[in-house]
There are 2 protein chains.
Amino acid sequence: MPRCRRGGPPWWEPRFQEAGFRLTISRQAILEVLSNTKEHLSAEEIYLAVHKNYPNIGLTTVYRTLELLVDMGLVFKFDFGDKRARYELSPGPAGKRHHHHLVCTNCGRVIDYTDFIDEERELLRRTETGLSEKYNFKITDHLIQFYGLCDECQGQF
Amino acid sequence: MPRCRRGGPPWWEPRFQEAGFRLTISRQAILEVLSNTKEHLSAEEIYLAVHKNYPNIGLTTVYRTLELLVDMGLVFKFDFGDKRARYELSPGPAGKRHHHHLVCTNCGRVIDYTDFIDEERELLRRTETGLSEKYNFKITDHLIQFYGLCDECQGQF
DNA sequence: CTCATTATTGAAAATGGTTTTCATTAACAT
DNA sequence: ATGTTAATGAAAACCATTTTCAATAATGAG
Ligand SMILES: [Mn+2]
Ligand SMILES: [Mn+2]
Ligand SMILES: [Zn+2]
Ligand SMILES: [Zn+2]
């Protein structure tokens with residue numbers, strides 16, 4: 001289980017300095033877990049993963065840390081309809097690209113996709129401009145998700 | 001507080017017949033409330049509204065009925081990030097047009113918009129086609145929401 | 001219309017993800 | 001190294017939603 005950082009410190013360290021938050025073991029461990037997965041983990045799943053190496057870190061701290069990380073913009077929080085929040089490390093400086101999600105309503109699988117993002121971006125840009133003018137609404141974020149049946153679940157219906 | 005139906009029975013009545021569900025007082029009352037509001041009510045708000053005219057209808061029934069209505073496709077269920085589900089009557093045969101939402105992250109206000117829906121539709125159509133092919137994912141639904149600050153909340157920051 | 005069937009309902013209890021409380025611990029500036 | 005105080009863990013609280021189960025009422029048959 002090799003560490004990801006092949007060189008200097010993780011890109012998120014300066015962010016803690018700037019914001020004046022302490023870079024604790026718990027926070028590093030949680031960020032480490034998030035940076036080593038491609039999945040969209042729930043708080044409890046993160047807790048369990050962290051717990052293997054740091055058995056004394058509690059679920060409460062995981063929740064609190066995730067809230068902080070979301071506020072800091074280091075982590076994104078999603079609702080895929082399975083009754084629990086799911087988290088994903090922000091792309092970061094040299095990370096993956098911005099993406100949206102396909103959610104299987106049968107098995108819960110979540111697929112990241114970056115295809116058509118450019119077209120989406122263009123539409124979003126125009127929509128945001130138009131809506132800002134018409135409703136004087138200052139748009140700061142958007143959510144786009146597609147729901148349906150994944151490859152494996154289509155046979156069952 | 002005039003009833004909306006100026007003529008025949010509401011458009012949703014046949015849907016119950018077809019599906020074999022009983023058209024009870026509770027269900028009619030809840031649909032009536034939903035059809036007489038432009039807001040996106042929570043289960044409890046619907047319960048309170050129904051309760052004025054039918055004090056014996058319980059919150060449990062409201063939850064159960066909403067679940068049924070969502071399953072029947074008569075009602076849409078949304079998550080605007082305020083920790084409780086919110087509901088909206090489906091456009092129906094002669095109803096309002098399909099729309100998406102602007103959500104104020106400060107005061108929670110939700111604005112329906114239908115502008116740019118045609119462009120969105122076109123993008124969605126192409127995206128759905130592309131994603132279906134690439135991931136063999138059968139898309140049945142989508143969610144688009146914009147977040148930001150509404151007219152009144154912009155001054156505060 | 002009357003009755004039997006059974007879907008539907010209400011009240012109360014349970015559920016479960018998340019948040020709060022509060023005493024203890026540890027990060028880090030000095 | 002030490003003091004200040006942010007951060008933490010365990011337990012309890014929170015709260016929207018769901019489940020339980022006995023009672024009720026919508027519907028169809030007669
Ligand atoms: Mn993702
Ligand atoms: Mn709406
Ligand atoms: Zn699936
Ligand atoms: Zn606002």
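So that the names make sense, note that chain A is the first sequence line, chain B the second, and so on, each numbered from 1.
Annotation: side-chain hydrogen bond (donor to acceptor under 3.5 Å, both in side chains) contacts of B/Tyr47 (sequence neighbours excluded): none. In this structure B/Ala49 satisfies the side chain to side chain contact (heavy atoms under 4.5 Å, CB included) test together with B/Val33, sequence neighbours excluded. When the side chain to side chain contact (heavy atoms under 4.5 Å, CB included) test is applied to A/Glu133, the partners found at least two apart in sequence or on another chain are A/Thr129. For the side chain to side chain contact (heavy atoms under 4.5 Å, CB included) test, residues two or more places apart in sequence or in another chain that qualify with A/Asp151 are B/Asn136. Listed by chain and number, the residues in a ring pair (Phe, Tyr, Trp, His ring centres under 6.0 Å) with A/His99 are A/His101 (sequence neighbours excluded). By the side-chain hydrogen bond (donor to acceptor under 3.5 Å, both in side chains) test, B/Arg126 is found to be paired with A/Glu119, residues two or more places apart in sequence or in another chain being considered.
Using a 4.0 Å heavy-atom criterion, one finds that B/Ser26 contacts the sugar-phosphate atoms exclusively.
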Hey, what are the protein-to-nucleotides 12-14 of chain C N/O distances that come in under 3.5 Å?
residue: C/dA12; atom: N6; partner: B/Thr60; partner atom: OG1; Å: 3.3

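B/Asp82 has its CG atom 13 Å from the C1' atom of D/dC15, to the nearest Å. Remark: C1' of C/dA27 and CZ of A/Phe16 are 13 Å apart, rounded to the nearest angstrom. Atom CG of A/Leu41 and atom P of C/dG17 are 15 Å apart (whole Å). Atom CG in A/Asp79 sits about 12 Å away from atom P in D/dT17, given to the nearest Å. When the C1' atom of D/dA10 is taken as reference, atom NE2 of A/His51 falls 12 Å away, rounded to whole Å. Look at CZ on B/Phe80: it is 17 Å from P on D/dA16, rounded to the nearest Å. Rounding to whole angstrom units, CD of residue A/Glu45 and P of C/dG16 are separated by 16 Å. Whole-Å rounding puts the A/Leu59 CG to D/dA7 C1' distance at 16 Å.
Counting only residues at least two apart or in different chains, salt bridge (charged side-chain N to carboxylate O under 4.0 Å, His left out) contacts with residues 14-27 of chain B comprise B/Arg15-B/Glu18. Sorted by first and then second residue, the salt bridge (charged side-chain N to carboxylate O under 4.0 Å, His left out) pairs with a member in residues 33-49 of chain B read B/Glu45-B/Arg86; sequence neighbours excluded.
Within the structure, every side-chain polar atom (N or O) of A/Lys83 is placed at least 4.0 Å from both OP1 and OP2 of D/dA16.
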Inset, instruction - Produce a footprint string for nucleotides 22-30 of chain D: one letter per nucleotide, 5' end first; B if the base is under 4.0 Å from any protein heavy atom, S if only the sugar-phosphate is, - if neither. - result: ----BS---

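Within residues 63-73 of chain A, the residues that have a heavy atom under 4.0 Å from DNA chain C are, in order of number, A/Tyr63, A/Arg64.
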Only distances under 3.5 Å count here; give the side-chain donor-acceptor pairs of residues 65-78 of chain B to other protein atoms, sequence neighbours excluded, each with its distance to 0.1 Å.
residue: B/Thr65; atom: OG1; partner: B/Thr61; partner atom: O; Å: 2.7

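Annotation: of the two residues near DNA chain D, A/Asn56 and B/Lys77, the 5′-most nearest-nucleotide partner is A/Asn56.
Ring planes of B/Tyr113 and B/Phe146: tilted class, angle from 30 to 60°.
A heavy-atom distance below 4.5 Å is not found between the side chains of A/His40 and A/Tyr87.
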